[in-house]
Every structure is written in structure tokens, then in C-alpha cells.
S.K.: 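Got a structure for you, written out below as C-alpha cells; questions coming shortly.
Protein chains get the first letters and strands the later ones, always in sequence-line order, with residue 1 at the start of each. Just so you know, these numbers come straight off a predicted model, no measurement behind them.
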2 protein chains.
Amino acid sequence: MRMSELSRRSGTSVTTIKYYIREGLLPPGRQTAATQAEYDEQHLRRLRLIRALVGVRGLSVSAARDVLNALAEQTGDTHVVLGLALGAIRLAEEPAADSPETAEVDDLVKELGWNVHEAAPARAALAETLTSLRTLGAPLHWRTLLPYAHLAEQTASVDLDQLDGIEDPLELAERALLLTVLLEPALLALRRMAQENESARRHGEH
Amino acid sequence: MRMSELSRRSGTSVTTIKYYIREGLLPPGRQTAATQAEYDEQHLRRLRLIRALVGVRGLSVSAARDVLNALAEQTGDTHVVLGLALGAIRLAEEPAADSPETAEVDDLVKELGWNVHEAAPARAALAETLTSLRTLGAPLHWRTLLPYAHLAEQTASVDLDQLDGIEDPLELAERALLLTVLLEPALLALRRMAQENESARRHGEH
DNA sequence: TAATCTGGATAGTAGAGATATCCAATTCTA
DNA sequence: TAGAATTGGATATCTCTACTATCCAGATTA
């Protein structure tokens, strides 16, 4: 298909598609002449994925590029694929100065007995939140996070159940990405609704 | 205290503080002369809260203003305060065209028996994610979300437990805000780590 | 009193994420 | 096959957000 069809079927303007190609989010089409190129279903699929990551999840264009590139290169086993999908987000963060909270996160992970990479960005994200809360005068002891962590364990188990039975490595990788990244706003939305419901149940006059 | 002290103690430049005052995120100081004003601990506290919302959570300045204003106006009971804190995020979204997924979300909420406001932005967020997944050719039936929803219920319960015993309405409101909004990246980080761990347990060679 | 600091106003900056315009080559349409 | 429309690619321009810098008259400090 030509660029105009790609544009029409994806609901993205031609200029925006050109921009994504320039930025390396979308591979260029297969050149058929000096000023003609051909695009296929892969391009359409990838373009829709970009719009979902950028639009729904709010990823930056450069973060989306990192994720997609990691995805395209990887055809290994589930564990590696998933790890890549996870790690690619916020990859470009600075290592973050060692706060006292880094040690707290270590304690938490140790207590849980989790097998988590030492350099996982999630560790830093967690430490940063704890630091913020302390600075705000509302410090949270890491033990307070234990119930949340156990719920996260169960959530992760549900996540991986959904990947069971997918054979094709590429499909597996993409599915893992969708489940991890795209489902995040949905999970937060569920939490908000559950909070509203629970709050009404405990204190409300509904 | 003067602006320079406010700046020093908050780690925020004077010009940025002025910018926040202009934008209505921070109330102006108490004027003591034509070119002098006085700031207090409330200002410092609020400023730190702003930095946390904008920096850690990545809220836009206008979203942070909406949240903080809702917080400042509210001194009612837990339920109302929490509802405000929840609703204020993504408040300025357009109502979002009625997709087929809106009905799916209704089904989900009905099945769960949750008491959730009809216009809650979380409903739209959830519908949007489902729409994205369908567009990407990886549709997710709302029943698939049920296990996640039950985990969200338990998470919300832990959330509200933490607010128990706080008497001061202002403190309650602020704490609710922190728990809801600021804890979000931490919960996602826990999920990522749990995924990595579970993936290693199931498929890994670690 | 002189140097510094203050709040407030206005203007300017940097980066992200597109958009718009131009061009020569190519392809559709009549 | 002529002429209009479209294409890919390059470059320039735009809009928005979140700051940042400068200026100034009045206030404070040394």
C-alpha cells in the first residue's frame, strides 16, 4: 500500500507518519522507485501500536522508539522478551543518586524473596516515590508496601497466565508489551473506581 | 519567611516559584509592603507537593492546579475528599465519544456491584484502553478484567485502611491525594518487579 | 548611604510533537 | 498520451508547555 492508504487506514496524517519515520519509530517503506515506496500490514500494525503507546499511555516519542526497537530485535524466550518490554520504559533515566530509600527497596525485595535485576528501573521508581513522600513529611515505611507487593504478585500471575499458550515469539512479545504497558492506565482506573466504591461503602451515604 | 528562603528550603528557583504563583498553583504571599511579601510553612508544604505531583507523578501544571484547588476547597468527610482527589485528575478530558466499550465498562461495574459515579473519568480511561486493544487486533473481553478488578478492590481496601484514624480533614485530604496519585508509579513499579520475578520463576534459568 | 534584595511584570528560551510547504519523480485518469 | 494528482523526501514553521531571564521601583541590610 502507499502512504495515503496507510494514513487513511491508521487515522494518522501523512505528515505525522513521515515524522515517525524520520524519528525512527516506523521503518521506511520498501522503495519501488525514486519517489515511490510500498508499505505493508506490518507498518500499519506498528503505526497503530505507536499511536496507542503515545496516545493512550502517554509515552514520549523517544521512549516509544526504544520500546519498539527492543521488541523488533527480540525473538527469544518469554522471560527475555518480557524483561525487555519492562526495562525499556524509562530506560533513559539517569541512575538516580543513591538515596537512603534505595536500601529500603533492597530490604523490601529481599523480604519478598523476589528475583529482580539489580539495575531494574522499577527499583529506582519505587525509591523515588519513597523519597518524595519523606520530603513531604509523610514518610512511608517499606513494610507498608508489603500488602501492595503481595497484590502485585497476584496481578503479575494473572498477567503471565494471559501469555500462556502463545507460541509465536513475535506475537508473544507484542502481547507482553500490550499487557504490561497499555494495561497500566486501565489498572489504575480500576483502582480509582474501587477506591470510590470502598469509600462509599465505609463512609458514604449513597 | 521571604521568597529567597522559600526557594532555598524547597530547592526550587525563585523564578519558578513566581511562575507557580502566576499560574495559580501557589497562593501569593501575605503582602507586608509594596514590594515585600511574607510566606509561611503552608506555602513550603504546598510547594513541595507541587514538585512531587509535577516531578514524580508527571502531572501537567494545569492538572496539578485543579487537584490542589479541589484539595484546598474541601474540608468535608472522607468520601467526598477522596472522590475529589480521584476525579480531579484528567478532569479536563473531553467526554470521549461513546464507544462500544463504554457499555462493556458498564457491564463490568454492574457485575462487580460497584458503586461508581456515572461520570467518573476512570470509566472513560478504562473504555479507552479497551478500544485501543481492539483496534490493535488484541481485543480484551471485559470478563478478563475481573481478576484485576478483584485485586483492585483489595488494593483500595489497603488504601483506605491507611486513612483510618486521621482526624484533621485537611491532613486527611492531603494524605488521600498522596496515596492515590503519588503512589501510582510505585504500584506500577511493584507490578513490573513482580512480573520479572514471576517470569523468572516460570521460564527463567536464573 | 550604598549595596543588596524583594515582588511583580514582561519577554524570551528550549524542547517536544507535530504541520506546512516545496520539489522533482511517478502514477493515475481521461 | 497529456495533464492532473499523488508520492517520498527534505526543510521550515508552528503550537504548546514549563520554565528562565531581565528589568524596575521600592524595601532592607550592612
S.K.: Looking at B/Arg191 and A/Asp159, does any basic side-chain N land under 4.0 Å from a carboxylate oxygen?
M.R.: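 Yes, charged N to carboxylate O under 4.0 Å.
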S.K.: With a 4.5 Å heavy-atom cut-off, do A/Leu160 and B/Gln195 have their side chains touching?
M.R.: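 Counting from C-beta outward, A/Leu160 and B/Gln195 never come under 4.5 Å.
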S.K.: Under a 4.0 Å N-O cut-off, is there an ion pair linking A/Arg123 with A/Asp106?
M.R.: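 A salt bridge is present here (some side-chain N lies under 4.0 Å from a carboxylate O).
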S.K.: Return the value, rounded to whole Å, for the distance between atom CG of B/Leu6 and atom P of C/dC5.
M.R.: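 Taking CG of B/Leu6 and P of C/dC5, I get 17 Å after rounding.
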S.K.: Does one side chain, of A/Tyr20 or A/Arg46, offer a donor that lies under 3.5 Å from an acceptor on the other?
M.R.: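 No - no donor-acceptor pair under 3.5 Å links their side chains.
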S.K.: Does one side chain, of B/Ser13 or B/Thr16, offer a donor that lies under 3.5 Å from an acceptor on the other?
M.R.: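 Side-chain D/A pair, B/Ser13 to B/Thr16: present.
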S.K.: Between B/Ser62 and A/Ser4, which has a closest nucleotide on DNA chain D that is more 5'?
M.R.: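 Its nearest nucleotide being more 5', the pick is A/Ser4.
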S.K.: Is it the case that the base of D/dT6 and the side chain of A/Arg8 share a donor-acceptor contact (distance under 3.5 Å, atom types as modelled)?
M.R.: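 No.
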S.K.: Scan A/Val14 against the nucleic acid and name what it touches under 4.0 Å (heavy atoms): base, sugar-phosphate only, or nothing.
M.R.: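 Answer is nothing: A/Val14 stays at 4.0 Å or more from every strand.
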S.K.: Below 4.0 angstrom, N of the basic side chain to O of the carboxylate: do B/Glu5 and B/Arg9 qualify?
M.R.: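 Yes, B/Glu5 and B/Arg9 are salt-bridged.
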S.K.: Could you tell me whether the phosphate oxygens of C/dG17, OP1 or OP2, come under 4.0 Å of any side-chain nitrogen or oxygen in A/Thr16?
M.R.: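 Answer no for this pair, as no side-chain N or O of A/Thr16 is under 4.0 Å from OP1 or OP2.
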S.K.: Please state how far atom CD in A/Glu5 lies from atom P in D/dT7, giving the value in whole angstrom units.
M.R.: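 Nearest whole value for this atom pair: 10 Å.
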S.K.: Students often get this wrong, so: under 4.0 angstrom with heavy atoms, is B/Gln31 touching a base, only sugar-phosphate, or nothing?
M.R.: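 Sugar-phosphate, no base atom in range.
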S.K.: Considering just the side-chain nitrogens and oxygens of A/Tyr20, establish if one lies under 4.0 Å of OP1 or OP2 belonging to C/dA18.
M.R.: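 It does, given that an N or O in the side chain of A/Tyr20 lies less than 4.0 Å from OP1 or OP2 of C/dA18.
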S.K.: Counting just side-chain N and O atoms, does A/Tyr39 come under 4.0 Å of either OP1 or OP2 of D/dG8?
M.R.: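 So the side-chain polar atoms of A/Tyr39 do come within 4.0 Å of the phosphate oxygens OP1 or OP2 of D/dG8, strictly under.
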S.K.: Are the side chains of A/Leu140 and B/Leu183 in contact, using a 4.5 Å heavy-atom criterion?
M.R.: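 Counting from C-beta outward, B/Leu183 and A/Leu140 do come under 4.5 Å.
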S.K.: What does the inter-axis angle of the helix from C/dT1-D/dA30 to C/dA30-D/dT1 come out as, five pairs per end, nearest 10 degrees?
M.R.: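 Rounded value for the end-axis angle: 0°.
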S.K.: Look at atom CD of A/Gln42 and say whether more than 12 heavy atoms of other residues, nucleotides or ligands are closer to it than 6.0 Å.
M.R.: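 Atom CD in A/Gln42 is not crowded, with 12 or fewer foreign heavy atoms closer than 6.0 Å.
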S.K.: Return the nearest nucleotide to the side chain of A/Tyr19; candidates are C/dG8, D/dT20, C/dT19.
M.R.: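 The answer is C/dT19, which lies nearest to the side chain.
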S.K.: Starting from the 5' end of DNA chain C, give me the residue, B/Arg22 or A/Ser60, whose nearest nucleotide shows up first.
M.R.: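 Looking at DNA chain C, the more 5' nearest nucleotide goes with B/Arg22.
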S.K.: Below 3.5 Å, does any donor atom in the side chain of B/Arg65 face an acceptor in the base of D/dT17, or the other way round?
M.R.: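 Absent.
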S.K.: Any N/O pairs under 3.5 Å between the protein and nucleotides 27-30 of chain D? List them or say none.
M.R.:
from: D/dA27; atom 1: O4'; to: B/Thr35; atom 2: OG1; distance (Å): 3.3

S.K.: Output yes when B/Arg192 and B/Glu196 qualify as a salt bridge under the 4.0 Å nitrogen-oxygen rule, no when they do not.
M.R.: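 Result for this pair is no, no salt bridge flagged.
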